[in-house]
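What follows is one structure encoded as structure tokens, with my remarks underneath.
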Amino acid sequence: MSAVEAAPRVEGRSNRGSTTWMVVPALVLLIGFFALPYLTIITMSLREASTRAVYGEGFTLAHYTTALGDFYIWGILGRTLLIGATVTVISLLLGYPVAYHLAKSRSRWTSLLYIFVLSPLLVGLVVRTFAWMIILSNNGVANQALQAVGLIDFPLQLMNNSLGVTIALTHVFLPFVILPLLGNLQAISPDLAMASRSLGASRMRTFWKVTLPLSMPGIQAGTILVFVLSISAYVTPAMLGGTGGRTMSVLVVQYLVDNFRWPAGAALAIIMAAVAVIFVGLYLRLTARAMRRLP
Amino acid sequence: MTALTIDRINKRYGNLHILKDISIPIGQGEFVSLLGPSGCGKTTTLRCIAGFERPDTGRILFGERDVTRALPEQRDIGMVFQSYALFPHMTVAENLSFGLEVRKVAPADRQRRIADVLAMVRLEGYDKRYPRELSGGQQQRVALARALVIEPSVLLLDEPLANLDATLRDEMRFFIRDLQQRVGITSIYVTHDQAEAMVMSDKIVVMNAGTISQFGSPREIYERPASQSVAGFIGRSNTISGKIAEALGQDGYKVETPCGSIGATGPAGLSKGAEVKIMIRPENISTRSQAASGHQQGAGAEEAGSGENVLAGSVVNSVYQGSANQLAVKLGSGDRVIVDVNGRNPLEVGEQVALRFAARDTWLLAS
């Protein structure tokens, strides 16, 4: 046989047009509550500051140039991204084994573990953050326990810095990495791992060569979710971050509410959004390389 | 020489006794099918051989080597799955290379062995394709190649043809059997399809509810089934109830039935008066219109001393099947018997017929 046979391809649905109207409701919502507000913020960020109204008459790029020339703001931007990256990596490292176990397990206790996984989302944001304050403060549960055991003589600085924010964000965003991964891992046929073992590969090799590459879509989805949620979180860094753990969203709200600098705050918000888009875009390109061979 | 020994293995899941004292000796180069309905334990047996399940008791030996406690990757097996289980993120060549890389085969050797095995499964030129670009039959051939390229000591096949359409399945039966004989590899084949087991196997293990109903060659199992359930599972069969009237030599018997006395063959040692069922395969019965045969209606069965039995009945149903007509004949006793007759010689429903079959074509089953 000289030429290889063409594999059968699934034909696209011919009546594709008839479902177009289904996107209309979501589109209306997106335009009304996402695109339009963003346009407003962009316009606002280009307005001159004013003391009598939210913003003045003329247009200016000054808010951007000032912000981008300010090392303090660069520092906070860097810290925000660092917290986001740290939370993402830790969530993935903690979440992958849980998702892996949930995908394999056929025990009746699995549903209980599901509830545990979802538990951070079942408690109100503010309540949960207060709980972390009780645990992480200088005379909180964690420090008292460590002192009682004798591991430390003076309380550790566990909050009002990046550490506290990172811990609390990891806690609440863990489900967002576990759930997409779980769906992904459950869709991988257990026969593949068995085939790998039958060919002589150890459990470890099977994981690195078969399971992990095939779970890249779940890793990608989960990590993007956690990263985007972490860098845009407000309540947790506002309550646990203090000045040492101040992030961009906290700074933006400070500009708007405390300082009444709406155009400058809007510019910060746009800078933050642009940076997030750039980072996610780079990440997508990077992970797409790892996934180019997947079906 | 025994290539593989399964020695009294037992497996329980909670209260379910999945495998009960399963023992199977498998010779070097033999093709053995595990045949049975779903839930009979055939897949569990295969998974015990592969190492994905560990039997609670009993041993599994590869040659002289006890592998009961060995991990799957330590067993030197090749396995083919119903789902093919090709790695979707690897090309055909990479799928084949996987097991060779684990075994640290040198790259040049790898390439040669991959090319050889691809030629063997007639997939030259497909090495750069991804599994999703192949048809089901091609994927199954790649799966077979992947299992064979590592030259394992045992090839395990778990219903490999179940996902293929009927025509392809027939083709692949002979393809796999031919390949297995050329390579000479000891193979264990799990299937619920008796026709598949019949045409492919050297030996068949008929399993039911965690036990072995019968272990033997396809011919033994078809012609000398050990029980009614085996007879019913393998091919079509008729049974007529009766009582042993007299033993004639080693395996000949005279059986008293409502249709008269019938000469039959059966396992040695059936005692007089024992309740038995006479099994006759439809293709072993010949028919003649009663008018032509000259026999009296309802006449007795055995023609004295000839080993031939003749039963009278009337045709109640006739189904055209192309190569043959399948007749249902109602005997004087009320039993219904299925008979295959030549399609060009139709008998009408309601016609009186004489059914003729030899004593050596029957087999007695304990009731």
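Protein chains get the first letters and strands the later ones, always in sequence-line order, with residue 1 at the start of each. The shown structure was predicted, so the numbers you read here are calculated from the model rather than taken from an experiment.
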Checklist entry - Does the salt bridge (Lys or Arg N to Asp or Glu O under 4.0 Å) test come out yes or no for Arg112(B) and Asp116(B), once each step is laid out? => result CA-CA 6 Å; Arg112(B) 185 183 48 74; Asp116(B) 287 353; 3.7 Å; yes
Checklist entry - Hey, does the side chain of Ser249(A) reach the backbone of Ala233(A) with a donor-acceptor pair shorter than 3.5 angstrom? => result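 Answer holds: yes.
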Checklist entry - Are the side chain of Gln140(B) and the backbone of Pro160(B) linked by a donor-acceptor contact shorter than 3.5 Å? => result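 A pair under 3.5 Å: yes.
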Checklist entry - Considering only heavy atoms, which portion of Gln139(B) lies under 4.5 Å from any heavy atom of chain A: side chain, backbone, both, or neither? => result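 For Gln139(B), no heavy atom lies under 4.5 Å from chain A.
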Checklist entry - Measuring heavy-atom distances to chain A, does Arg146(B) have an atom under 4.5 Å in its side chain, in its backbone, in both, or in neither? => result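 It is both, since atoms from each part get that close.
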Next on the checklist: Need one label for Leu214(A): side chain, backbone, both or neither, based on atoms under 4.5 Å from any heavy atom in chain B.
Outcome noted: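 The answer is the side chain of Leu214(A).
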Next on the checklist: Please classify the contact between Arg197(A) and chain B as side chain, backbone, both or neither, with a heavy-atom cut-off of under 4.5 Å.
Outcome noted: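 Looking at Arg197(A), backbone and side chain both touch chain B.
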Checklist entry - Can you find a side-chain donor-acceptor pair between Ser196(A) and Thr206(A) that sits under 3.5 Å? => result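 There is such a pair (donor and acceptor under 3.5 Å, judged by atom type) between the side chains of Ser196(A) and Thr206(A).
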Next on the checklist: Is it true that Thr223(A) and Tyr283(A) share a donor-acceptor pair across their side chains at a distance under 3.5 Å?
Outcome noted: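 Short answer, yes.
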Next on the checklist: Using 30° and 60° as the class boundaries, would you call the ring planes of Tyr38(A) and Phe34(A) parallel, tilted or perpendicular?
Outcome noted: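 Rings of Tyr38(A) and Phe34(A): tilted, 30 to 60°.
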Checklist entry - Would you call Asp7(B) and Ile60(B) a side-chain contact if the rule is heavy atoms closer than 4.5 Å? => result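 They are not in contact (no side-chain heavy atoms under 4.5 Å apart), so the answer is no.
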Checklist entry - Using a heavy-atom distance cut-off of less than 4.5 Å, which residues of residues 72-89 of chain B contact chain A? => result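 Contacts with chain A: Pro72(B), Glu73(B), Ile77(B), Met79(B), Phe81(B), Ser83(B), Ala85(B), Leu86(B), Phe87(B), Pro88(B), His89(B).
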Item to check | Those residues that, when tested against Arg203(A), pass salt bridge (charged side-chain N to carboxylate O under 4.0 Å, His left out) (two or more places apart) | outcome: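 Testing Arg203(A) for salt bridge (charged side-chain N to carboxylate O under 4.0 Å, His left out), a comparison that skips the adjacent residues, returns none.
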